[in-house]
Amino acid sequence: MTIMLLVLMLGLSIFMLVSRDLLFGIIALSAVSLLSALLFYLQQAPDVAITEAAVGAGVSTVVFIGIIRYTERKDRDP
Amino acid sequence: MKQKAINVLTIISLASVTLVLLPLFLENSPWPLSARNYLELHGVGDSGAINLVSAIYLGFRVFDTLGETIVLLTAVSGTIGVLTRAGAVLAEGYDTSGTPALTEQEKKVIMDDHTFTLAGEKRRSHALRTHLLEVVTGVLGPVVLLFGFYLMLYGHLSPGGGFQGGVVTASGIIFLALGNRIGAKNPLIRASVLDRIEAAAFLLLILASLSGILMGRGFFGNPLQDVTAIPAGYIILLNGIIGLKVGAGIGFLCIAMVGREIS
Amino acid sequence: MVFEDIVFAPILLPLLGAALVITAKAFLQGRPMKILEYIGAFVGLGLPWLSFALTLPAVTSGRVFQGVIGNWHASVGITYQFDGLAWLVNVLTYSVCSAAWLYSLGSGPRGPAFTSVFLILTASLSATIMTSDIFNLFVCLEVVGISSYILVASTDKPGASLASFTYLMISASAMVFFLLGVYGLYRVTGSLSYQGIAQGLKALPDGGGMTAVISLALIISSTVIRVAVMPFSGWLPDAHALAPHAVSAVLSGVLIKVPLFALSRILLIMPVGAQAGQLLGWAGALTALIGVILALSQADAKRLLAYHSVSQIGYVVCAWGIALYVGITTSKGAALMTAAFLHAFYHALFKGLLFLSVGTTVDRAGERNVYRLRGAAAILRSCGERIPVTLLTYLAGALAISAVPPFNGFISKNAISYALEGTPLYYLLFAAGIGTVASFIKLSRIYWPDRSRKEIPVPAVPVPLTSKISQGGLALLCLGGGILASRIHSLVMLLLSGTRAEYLIQWYSAGALLKTGAVIALGTGVYLLTTTGIIARVLKVIREQPGDFRGLYISFSIGTALLAGWMLLHL
């Protein structure tokens, strides 16, 4: 279970780094936070799990979406 | 040529960092037990909290918690400050050497779409808005707030605590802001109210840290340790203060980023 | 309430002041808000001086205030240690911060938002030097970092936000490595306090092995990136040059020195700390020379001063590193550490003074390019300065940094050279001194009369009184440091190592004065050389190399790897 979660997190992180559409990247970041919250719960650390879920999947996503609303949604061509 | 050199150097630096970090993760000596044994035997008795995580970050290492709270406070106030200034500067279209000044058309686009305004000002919305958002988040908002307060105040008995409760409270405030029906006046999502809660909570936190000195227990000592039968009262107080502060701060930041009235 | 609690005053009072200022901003408006803000600033920056006066007798008699914050058990709580080093670094911090805040009242960023973050920065700097727990050091460095990012970005000038963002990115990434180092040390010893870690490492059969050494290397390199020795100094010129003037003074004066002295607490008790000190000493000497060559090629006045900060911190790191290498208990080590602190303190004073006075000048003249700006003395006079305070304070700072007697730079640079006599490092530092004189002659050109008689349109904004007071205060401190040299030197040596010098250093001996004369003459020669065609073209090429964001990360990684490799070699 742990290994599967870690592999999934790795895949989502790579997707977030290479994605050109920043909104997809932000959702991937939120998914990585949610998966790591699940991982913390499996490792029997509920306080850290609550914090990670609330901050990573909640507040941090809201702030990032606010950011791309004020700037640009797509990565510029290098 | 230069690009290729930088790419090669990037690969070398990544490889060197991996090589440096590898022995750290391959360490297989037995885990040290001194701190763990002390906490198991004396953690609950010394601080009065059954949740040992709360005992650690509000009892033994409360100074670090104060530091992190200050980081959050500074980050929120600094972010709002930088963004308001950047919005105003962008709107004026200042002319740095090399970039041409913005045309009137471009300035108008920046003013309408990119200018950062604090909560309380109406902004145009580009998307369709249904009643689904209002119904779901507007009704769930108070429930999430209640859950946040529960986490804050029961942090010393079950998993939870000041930070956790505070962030969940902030999510509740975001729900209230998103689900706000037009015309409804909810004081909890006004920027001025959240500002005042945060400032008062920070002042109370510093005064609570000084109270230990006045009671002879040293800086951040638990003043209720010898006086009453519930030394955990101090932890509940600190949890409440930190929860209010974190909730108000993060709520303020998110409301400012999202914009309150999306009519 | 016991007397020992007074050592927390430098941390608590600025935090209380910041809380008062934040409350003022949220609840009040207009005049009451300003009054509460000034009260908060006085509580935060003025009252701690009282605590320094009260603790001075105790620390000079060798007493060390130690304990655990909150009176918990030492194996789980946060230990602190307030001794002579903490007292001295606190005095450094508060003197520069008070002067810079006074300056910002007149010309810099104003308002409760700025004051509150400034007070939080001061509190966290005091906490960094006083802590004796490695995770607490992490938290304190984070607070220092975040308040300095906000302060650098708190201006409307173009480029400041990008400089702050670059600084933020590289610092935050370095803190991840710091955390990994803390994890490594906890993994093998089970304790987070310096004493606990040292005892735990001694108790292990192989002294912690590779893990302990690599963790220590990670911690050292993440802290040293804030000190900005080469190769870690890429972020400094942008951040220091584009920040507001008061903030530049605090950044150059205090923020690049406090992490260094906090690091010395760790390295004094860890196994391979001495070898790390040796490598850092050599890096410091090379930084001093390369920094001054880069400074000589700059066109922007504040970037020139920022590169000079890199060069002067190279002096400090060189003396500090060699002090750790030979051991602070030997007489040479004590002399070197004293010289390192003296140069750090005096550099804070005269670099702060230079940033403030040059800042006033370029604000009034509206031009920052050293090649184009001329006649600043006349411009300042037309802004209402009948006694040329800014010009005189600038001269004090420039003479101090060029090591001209009787200013304090002369004393500290000679202390370092005296202690390093006979080693190749001495010659590197001598060459750096020549370059310093040359580049300050170049900077002083902005004050010379304008020969082309071109009319630069100037708004005749008068120079505020608080700017004059803070600049004048710093200049007097520079002069005082030079005149009261022996007394200050022996006090510092007593506080740092508990010993007195075996011999009295002759500051104004014939040899020292001849050396100063030689440096000034050679410096003038180098300056005249740079005005010739070929050298000017070379400097232009150096100046126009574009910076690369990835370069910061590459230099950090390779520097860390080299440091770890060097320390593993000496295991």
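Just the heavy atoms: all of them, side chains too, but no hydrogens, waters or symmetry mates, feed the values below.
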Report task. Could you check which of S555(C), A217(C), S154(C) has the highest count of heavy-atom pairs closer than 4.5 Å to chain B? Result -> S154(C)

Report task. Give, as side chain, backbone, both or neither, the part of A127(C) having an atom under 4.5 angstrom from any heavy atom of chain B. Result -> side chain

Query raised in the report: Salt bridge between E27(B) and R187(C), side-chain N to carboxylate O under 4.0 Å?
Result: no

Requested in this report: Starting from the C-alpha separation in whole Å, work towards a yes-or-no answer on side chain to side chain contact (heavy atoms under 4.5 Å, CB included) for F82(C) and F8(C).
Outcome: CA-CA 9 Å; F82(C) 187 87; F8(C) 289 109; over 6 Å; no

**Report entry** Short N-O contact, D195(B) and K25(C), less than 4.0 angstrom
**Finding:** no

Requested in this report: For the pair F163(B) and Y57(B), name the ring-plane relationship: parallel under 30°, tilted 30 to 60°, perpendicular over 60°.
Outcome: tilted

Query raised in the report: Between L204(B) and chain C, which part of the residue has a heavy atom less than 4.5 Å away: side chain, backbone, both or neither?
Result: neither

Query raised in the report: Okay, side chain of S16(B), backbone of A561(C): is any donor-acceptor separation there less than 3.5 Å?
Result: no

Query - Which atoms of T10(B) approach chain C - backbone, side chain, both or neither, heavy atom under 4.5 Å - result: both

Query - When I78(C), L20(C), L562(C) are compared by non-hydrogen pairs under 4.5 Å with chain B, the top option - result: I78(C)

Query raised in the report: Does the side chain of Y553(C) come under 3.5 Å of the side chain of S173(C) through a donor N or O and an acceptor N or O?
Result: yes

**Report entry** L24(B) portion near chain C, given a 4.5 angstrom heavy-atom threshold
**Finding:** both

**Report entry** Best-contacting candidate, I558(C), I22(C), V143(C), N136(C), against chain B by heavy atom pairs under 4.5 angstrom
**Finding:** N136(C)

**Report entry** Under 4.5 Å from a heavy atom of chain C, the part of L21(B) involved
**Finding:** side chain

Query raised in the report: For V17(B), is it the side chain, the backbone, both, or neither that has a heavy atom closer than 4.5 Å to a heavy atom of chain C?
Result: side chain

**Report entry** Top of L203(B), D64(B), V71(B), L207(B) for chain C proximity - count of heavy-atom pairs under 4.5 angstrom
**Finding:** D64(B)

